[in-house]
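Right, one structure below, let's go through it.
Since the structure is predicted, the reported quantities are computational estimates derived from the model, not experimental observations. What you see below is based on every heavy atom in this structure, not just the backbone, and it leaves out hydrogens, waters and symmetry mates.
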Amino acid sequence: MNRWNVMKRILPLLAGMALLLSACGRSDLSTLDPQGPIAQRQYDLMKISISIMTLVVVVVFAICIYVLIRFRRRKGDKTIPKQVEGNHKLEIIWTIVPIILLIILGVPTVQSVFGMATDYSKDKDAIQVKVTSHLYWWEFEYPQYGVTTGQELVVPTGKKISFELVAADVKHAFWIPSIGGKMDTNPGMSNRMYLEFPEEGVYRGKCAELCGPSHALMDFKAKSVSPESFDKWIAAMKAPAVMPADPKLAETFRAKCLACHAVGDQGTNGAPNLTGVGSRQTIAGILYNSDVVKDPQPEDKTAEQNIKDWITDPQKYKPGNMMPSAADNQLTQDEIDGIAKYLAGYKLDY
């Protein structure tokens with residue numbers, strides 16, 4: 001019995017701590033800090049709906065408190081309060097008021113929903129991006145330019161970005177909270193949406209659909225750059241691959257890595273494209289590179305060390321992913337070190 005009393009006191013404390021700690025993490029994942037016009041419109045709708053809800057709650061509670069005080073049974077008073085059943089005036093008021101509130105919420109919601117559903121897939125001025133979700137990574141294909149990359153979406157500012165969303169395996173959802181979204185990616189069918197990136201910056205993307213044991217680790221980065229920088233990035237992505245200087249290491253890399261990955265004009269895109277991986281903020285979307293990010297955290301490591309860790313044991317960082325370990329790939333420590341150093345130094349200047 002004493003143990004149960006202790007648990008009753010501890011459980012609310014643990015629940016409060018869990019709620020508090022759930023807000024811990026990097027600050028680049030919030031819908032309450034809109035960085036684009038789509039996110040701003042969605043945020044405005046949130047404010048309208050929350051304001052209406054707050055108004056209704058305040059008014060209803062105020063009426064309840066007033067009624068409880070004004071019409072409470074007093075000592076010695078056995079009279080029946082005046083009945084208002086069938087009061088047409090009150091019935092009209094509490095019918096019309098909700099209708100007005102629904103119109104206030106409904107009109108901008110309908111306008112925004114249809115406005116944000118505009119299809120820019122045929123717009124010559126829009127940037128077309130085909131997004132394919134995999135367990136547990138993101139592939140970004142630019143059909144206008146013949147370029148494919150992975151884990152880091154690069155887009156120009158001031159342009160409509162038209163997305164075609166598909167899934168390679170199970171259902172996922174594409175979401176960049178501070179820019180706008182989200183929308184499901186489904187196997188065998190396409191969904192479409194568009195976003196805008198008004199300013200240069202790096203934004204965090206997530207999978208928003210439970211898809212497996214590493215769902216919470218299925219992150220990517222969206223990097224918006226100037227149109228000039230975007231053109232330079234496209235040119236750098238299409239440039240011939242730069243292979244390791246050591247012929248033996250280059251042969252190992254071709255045999256062990258390019259069977260799934262690609263760099264430049266070599267390899268395949270069965271796994272994330274590694275062109276310029278050394279200049280990305282993360283490895284595998286979740287291991288932050290302290291030599292690339294602006295404000296590294298104490299737990300962050302260099303790109304080279306993150307690549308080593310990932311190659312050695314990818315299941316440790318993303319359980320259930322399709323990347324074989326170094327042992328499965330029969331890579332020696334020297335080969336791991338050489339490949340990590342090569343990829344960490346593979347940077348794109350744009």
Side-chain angles (χ1 to χ4, degrees), residues 25-26 28-29 129-143 147-154 163-177 179 181-193 195 202-223 253 256-263 267-277 280-289 303 306-331 336 339-340 343:
R26 295 179 183 268
D28 56 355
L29 190 66
V129 180
K130 182 179 180 181
V131 179
T132 305
S133 54
H134 302 258
L135 291 171
Y136 298 92
W137 62 281
W138 298 88
E139 180 182 358
F140 305 109
E141 180 184 354
Y142 300 75
V147 166
T148 300
T149 188
Q151 295 296 80
E152 189 168 280
L153 171 70
V154 180
F163 294 100
E164 179 188 358
L165 308 172
V166 298
D169 32 57
V170 301
K171 186 175 182 178
H172 303 275
F174 177 78
W175 187 30
I176 310 173
I179 297 297
K182 54 199 167 191
M183 186 168 285
D184 287 347
T185 63
N186 300 296
M189 64 174 289
S190 298
N191 284 332
R192 293 193 178 275
M193 64 181 292
L195 295 173
V202 180
Y203 309 95
R204 187 175 174 187
K206 294 283 291 184
C207 175
E209 187 75 39
L210 181 60
C211 55
S214 287
H215 156 69
L217 304 174
M218 193 170 164
D219 291 15
F220 66 94
K221 287 291 182 291
K223 181 185 290 185
F253 183 74
K256 303 293 186 179
C257 301
L258 294 189
C260 298
H261 297 275
V263 289
T268 63
N269 286 308
N273 188 296
L274 300 177
T275 309
V277 67
R280 297 177 190 171
Q281 288 206 352
T282 61
I283 301 301
I286 54 170
L287 302 176
Y288 283 79
N289 299 325
N306 280 332
I307 295 171
K308 285 183 187 179
D309 293 342
W310 177 254
I311 293 175
T312 301
D313 188 6
Q315 297 301 321
K316 177 181 176 181
Y317 301 98
K318 273 190 180 181
N321 80 88
M322 304 302 174
M323 171 87 172
S325 67
D328 294 332
N329 250 339
Q330 297 181 336
L331 290 171
I336 294 172
I339 290 172
L343 289 177

Residue pairs passing the side chain to side chain donor-acceptor pair (under 3.5 Å) test where at least one lies in residues 163-177, sequence neighbours excluded: Glu164-Ser190, Asp169-His172, Lys171-Asp184

Sequence-distant partners of Tyr142, ring-ring contact (aromatic ring centres under 6.0 Å, His included), two or more places apart: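 Tyr142: ring-ring contact (aromatic ring centres under 6.0 Å, His included) contacts with Trp233.
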
ring-ring contact (aromatic ring centres under 6.0 Å, His included) partners for Trp138, two or more places apart: Phe174, Phe220

Could you measure the distance from the [atom1] atom of [X] to the [atom2] atom of [Y]? Nearest 0.5 Å is fine.
| X | Y | atom1 | atom2 | result |
| --- | --- | --- | --- | --- |
| Gln281 | Gln151 | CD | CD | 13.0 Å |
| Ile283 | Asn306 | CD1 | CG | 6.0 Å |
| Lys256 | Ile336 | NZ | CD1 | 11.5 Å |

Look at the side chain of [X] and the backbone N and O of [Y], then say whether any donor-acceptor pair between them is shorter than 3.5 Å.
| X | Y | value |
| --- | --- | --- |
| Asn191 | Asn186 | no |
| Thr268 | Ala259 | yes |
| Lys221 | Tyr203 | no |
| Ser214 | Pro319 | yes |
| Lys318 | Tyr136 | yes |

Non-hydrogen atoms of Ala168 and Thr132 that approach each other most closely: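 Minimum heavy-atom separation between Ala168 and Thr132: CB-CG2, 3.9 Å.
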
Nearest non-hydrogen partners of Gly285 and Thr282, listed with the distance: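 Closest approach of Gly285 to Thr282, heavy atoms only: CA-OG1, 3.3 Å.
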
Partners meeting salt bridge (Lys or Arg N to Asp or Glu O under 4.0 Å) with Asp219 (sequence neighbours left out): Arg204, Lys206

Set of residues satisfying salt bridge (Lys or Arg N to Asp or Glu O under 4.0 Å) with respect to Lys223, sequence neighbours excluded: Glu152

Expected list for residues 310-317: side-chain donor-acceptor pairs under 3.5 angstrom, two or more places apart:
unit_1, atom_1, unit_2, atom_2, d
Thr312, OG1, Lys308, O, 2.7
Gln315, OE1, Gly320, N, 2.8
Gln315, NE2, Asn321, O, 2.8

